[in-house]
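Beneath this line is the structure, given in structure tokens, with notes to follow.
Computed from a predicted structure; not experimentally measured. Every number for a ligand or one of its atoms is a count from 1 in the order of the listing.
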Amino acid sequence: MTEKKQFRAIKGVRDILPPESAAWNRVEQTAREVFEAYGYGEIRLPIFEETELFARSVGAETDIVGKEMYTFQDQIVQEIVFLREYLRQSDVYYEPGLKALIRKVEEALTSAEIPKTEDNTRRLNRLRELSNSPVGPPQDKLRRQNVLYEIENMDLGPSNALRPEATASVCRAYIEHGMHTRPGNVKLYYIGPMFRRERPQKGRYRQFYQIGAEVLGQSDAPAIDAELVEMLLHFFARIGLGEGSAAGGVKPPLHAGAAGGDLKVAATGLTLFYNSIGCRECRPSYVAALKAALEKVKDKLGPDSQRRIEANPLRVLDSKVESEQAVIESLPRITDHLCPACHEHLAALKQQFALRGIEGTENWRLVRGLDYYTRTTFEITAPGLGSQNAVCGGGRYDGLVELLGGPPTKGIGFAIGTDRVMLSLAETGRLADTAACDVFVTWMGAAAQGHAIRLARKLRDAGFRVEVPAEEMKFRKSLDLANRMGARYALIIGENEIAAGRYALKRLADAVQKELTEGELLEFLSGDRVIG
Ligand code: AMP
């Protein structure tokens, strides 16, 4: 007998179920509304791209590219690689293996699953020749070497990766579609899953979700950076994290406190940190000074930081290791090494923050993990999250578009970690409960089902969440189910109600009941509308 396997979501990924998913939708919907009010349009991006795109933009030395990406090749390429390894190792069945390999390469070339280049065609022909050449012990070894040489040098096409972040894709799309010819700055936002093979823990998943935005164009005016942060704080206020937001709800109205008032984030536990990490002019000399200083204190650092001195010294500043903190505080600071242009940019950014009532904390250690950042970097932390408390990170990446083969372009953006936003809202008691059902229609008798169906359709059309039992239920059982489902009202339809032309609407929280005509029913419910 086959054993019944119980499937579970794999490590680091998870399901988001109702009613939690409704709160997610509200948060994402609020992002759409706020970002669109600031002139951003949605870009829907592919979930996977060429691995090389991320390696080039995020940086080959980063953790993300070095060890966290989910990379893969098409099935047929995997099969070719498998057969190649088989030929490398196997003596027996060598001939059928070679024939199978040739068939796979032919198939892959015909279907263009591997590049149809002249070189690939030539190598395939050579493989055919080798396969037809006579087999004998002395030639055998040489023949095998030649076969492996041809297949190893074949261009099997690029490897792909599930996206670990989306800025690289946005830049790729910006270039691919010639978006630089659009008038003004190009302002885009995206919402969706990202993938990183990290060690799972609270607030850290292998499939996680981001809401991000990017501004691409010719200007790097600090007002662009400040407006982007203003929009972020505006969003956080609207969802209930941040000053001016009504505690207890994810949908406070856009009132003066949220939009017009000062965006004092610290008051509610959100903290904005910002920094300038310089540009191509001044950063290299700072990194050199930092590296030299790190070499001197190497013995006082742990293995991770020691490794980073060579590969990515800026990342040492990210260290949370307690024993390293005093050492890090004594290291040279980027702020003292900025070139005049970067210095001015940072000063102007502070003025732009002040103009908008944005309060943040300058933090020279905020370097962010990715290679492409220049000048402005920022991060927002939220309460209730333990060590993974960053809910948003972002910064400027002038030069990234050029690095990816596009025209000289300035850019800035951020990514909000939606999983952590939802966790913080939940842990700080700011997630409004949403009833899964507004009206549960309790019907009794064949005639009542028709009324129930008609009324349910009307109420649903008016935007209410309505539940109609598919089968007739006993009155008590039906009310009991309505209560357990968390319905706000039960609408009772039986023979008496039909005869009287008035339906009974029972509020389940306090059992208060009203007799209403159809018209009155809609009017009453609309007046009492709480759509979460
Ligand atoms: P990054 O793209 O690394 O700058 O991350 C931006 C934001 O995404 C962070 O501030 C987190 O809120 C969120 N984030 C990054 N990695 C993860 C992860 N593995 N799980 C959950 N959220 C994440």
*How long is the span from the CZ atom in F82 to the NZ atom in K104, to the nearest 0.5 Å?*
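Rounded to the nearest 0.5 Å, the CZ-NZ separation comes to 11.5 Å.
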*Could an N or O of ligand 1 be found under 3.5 Å from any N or O of Y205, whether backbone or side chain?*
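By distance alone, the answer is yes.
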*So, is R196 polar-close to ligand 1, with some N/O to N/O distance under 3.5 Å?*
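Yes, R196 has an N/O under 3.5 Å of an N/O on ligand 1.
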Top protein contact for [atom], by heavy-atom distance:
{"atom": "atom 4 (O) of ligand 1", "value": "R368 NH2, 2.4 Å"}
{"atom": "atom 10 (O) of ligand 1", "value": "A390 O, 3.3 Å"}
{"atom": "atom 23 (C) of ligand 1", "value": "F208 CD1, 3.4 Å"}
{"atom": "atom 5 (O) of ligand 1", "value": "Q210 NE2, 3.5 Å"}

Counting distance only, does the side-chain N/O of [X] pair as donor-acceptor with the main-chain N or O of [Y] below 3.5 Å?
{"X": "S305", "Y": "G302", "value": "no"}
{"X": "R196", "Y": "P164", "value": "yes"}
{"X": "T428", "Y": "S424", "value": "yes"}
{"X": "Q351", "Y": "A347", "value": "no"}

Can you list the ligand 1 atoms lying under 4.0 Å from a non-hydrogen atom of [X]?
{"X": "A415", "result": "6 (C), 7 (C)"}
{"X": "V391", "result": "10 (O), 12 (O)"}
{"X": "E198", "result": "16 (N), 17 (C), 18 (C), 19 (N)"}
{"X": "C392", "result": "10 (O)"}

*Any idea which of G417, G203, A166 brings a heavy atom closest to atom 21 (C) of ligand 1?*
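Answer by nearest heavy atom: G203.
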*Go through the side-chain N and O atoms of T167 and E214 and say whether any donor and acceptor fall under 3.5 Å apart.*
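A donor-acceptor contact under 3.5 Å links the two side chains.
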_Could you tell me if E68 and Y70 have a donor-acceptor pair between their side chains, going purely by distance under 3.5 Å?_
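No, no side-chain donor-acceptor contact under 3.5 Å.
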*Which word best sums up how the rings of Y40 and F35 line up, parallel for under 30°, tilted for 30 to 60°, or perpendicular for over 60°?*
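Correct class here is tilted.
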*Take V421 and F236, measure what side-chain contact (heavy atoms from CB on, under 4.5 Å) needs, and give me the verdict at the end.*
CA-CA 9 Å; V421 165; F236 279 122; 3.9 Å; yes
*Where on Q388 is there a heavy atom closer than 4.0 Å to ligand 1, on the side chain, on the backbone, on both, or on neither?*
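For Q388, there is no contact with ligand 1 at all, from either part.
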*Close approach, E165 and ligand 1, non-hydrogen under 4.0 angstrom*: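 Checking ligand 1 against E165, which is what was asked, there is no heavy-atom contact under 4.0 Å.
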